[in-house]
Amino acid sequence: MRTPYIAGNWKMHMNRAEARDLAAQLRELLAPVKHRIMVAPPFTAIETVAVTLQGSNIMVGAQNMAPALNGAHTGEISPLMLKDAGATVVILGHSERRHSYGEGDGLINEKVHLALQEGLEVILCVGETLEEREAGRVDAVVEEQLAGGLREIGASLLPRVTIAYEPVWAIGTGKTATPDDADSVHGTIRRIFTELYNSEEAEKIVIQYGGSVKPDNVKGLMSRDNIDGALVGGASLKVDSFGPIVQFNS
Ligand code: PEP
């Protein structure tokens, strides 16, 4: 039985005061929720949000990290620093990192290894561009990103890994994959897990959908067998939209 998992990616939004305010409102509203919840503020607000959410049912994550613990890496953030600030989760391979900052599967795999070694949970994002979808390459792209991102990650580490399927053409565009389309790719992801690991791991792996998830489409998505959660961007910035998304089943 997979526990639903809803995560909010605040991207490059929120100063510390705004972040504290939103976190405090979410803490109160979402206290009765039984499934897993995470918010990923920008680096500068992680500590503030972690303090605000201490002892609550909402985890704090980061949106990226360096593939190194310390050293001459100007402008980068180490997993040690993320943990020190209070993060327990990190989002890796987000399409904005892949497509705006040129991150490839090799680099993402290094980060996945280091994050897991350091005891963080990982949300590994995969997903095709519109061009790749139109060329009929959805399965091939997702397979390449999963095999590359999870290279030499042993099955014993998978309880700390979540996959987010985020079709690039649906992120921040208002276009959502239909529940049928998303469920079908999530089914493909489970098949790929059977090949990379085994059918037991494929059954257990939690797969979030991401791409313009809103209060009015979350129920339809979450009702599908293979969709276990959501990674939410724009709609995670307001309690009025993130609240109802997290409470999709109440
Ligand atoms: C995201 O940033 O991962 C995302 C899915 O964004 P949005 O919900 O705004 O499409």
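Predicted model only: the values in this text are computed from it and were never measured. Heavy atoms only: backbone and side chains are in, while hydrogens, waters and symmetry mates are out. Numbering of ligands and ligand atoms starts at 1, following listing order.
Figure legend: cation-pi geometry between Arg97 and Tyr101, with NZ or CZ positioned under 6.0 Å from the six-membered ring centre and within 45° of its axis.
When the options Arg98, Lys111, Arg151 are evaluated for a salt bridge (charged side-chain N to carboxylate O under 4.0 Å, His left out) with Asp105, the one that passes is Arg98. None of Ile205, Leu231, Asp228 except one satisfies the side-chain contact (heavy atoms from CB on, under 4.5 Å) rule with Ile163; the exception is Ile205.
In this structure, Glu18 places its CD atom where more than 12 heavy-atom neighbours from other residues, nucleotides or ligands lie under 6.0 Å away. By the neighbour-count criterion of 12 heavy atoms within 6.0 Å, atom CZ of Arg16 is sparsely surrounded, having that number or fewer from other residues, nucleotides or ligands.
Protein heavy atom closest to atom 3 (O) of ligand 1, with residue, atom name and distance, is Glu166 OE2, 2.7 Å. Among all non-hydrogen protein atoms, the one lying nearest atom 1 (C) of ligand 1 is His94 NE2, 3.3 Å.
For the pair Gly233 and ligand 1, the shortest N or O to N or O distance falls below 3.5 Å. Remark: ligand 1 and Gly172 share an N or O pair separated by less than 3.5 Å (distance only, no angle test). No N or O atom of Gly211 sits closer than 3.5 Å to an N or O atom of ligand 1.
If you number the atoms of ligand 1 from 1 as listed, the ones under 4.0 Å from a heavy atom of Ser212 come out as 7 (P), 8 (O), 10 (O). Of all atoms in ligand 1, numbered sequentially from 1 with element shown, those under 4.0 Å from a heavy atom of Ala170 are 10 (O). Each of the atoms 5 (C) of ligand 1 lies under 4.0 Å from some heavy atom of Gly210. Listed by number with element, the atoms of ligand 1 under 4.0 angstrom from any heavy atom of Gly234 are 7 (P), 8 (O), 9 (O).
Ligand 1 lies nowhere less than 4.0 angstrom from a heavy atom belonging to Cys125. Judged by the shortest distance from any of its heavy atoms, Lys11 lies inside the 4.0 Å radius around the atoms of ligand 1.
Here the side chain of Arg133 pairs no donor or acceptor atom with the backbone of Trp169 at under 3.5 angstrom.
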I would like to know whether Glu144 and Arg137 meet side chain to side chain contact (heavy atoms under 4.5 Å, CB included); could you show each step before the answer?
-> CA-CA 10 Å; Glu144 204 173 290; Arg137 298 198 58 242; 3.9 Å; yes
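Only the side chain of Asn9 comes within 4.0 Å of ligand 1, judged by heavy-atom distances.
No continuous path of ILVMFWY side-chain contacts below 4.5 Å connects Val89 to Val232, so the two sit in separate hydrophobic clusters.
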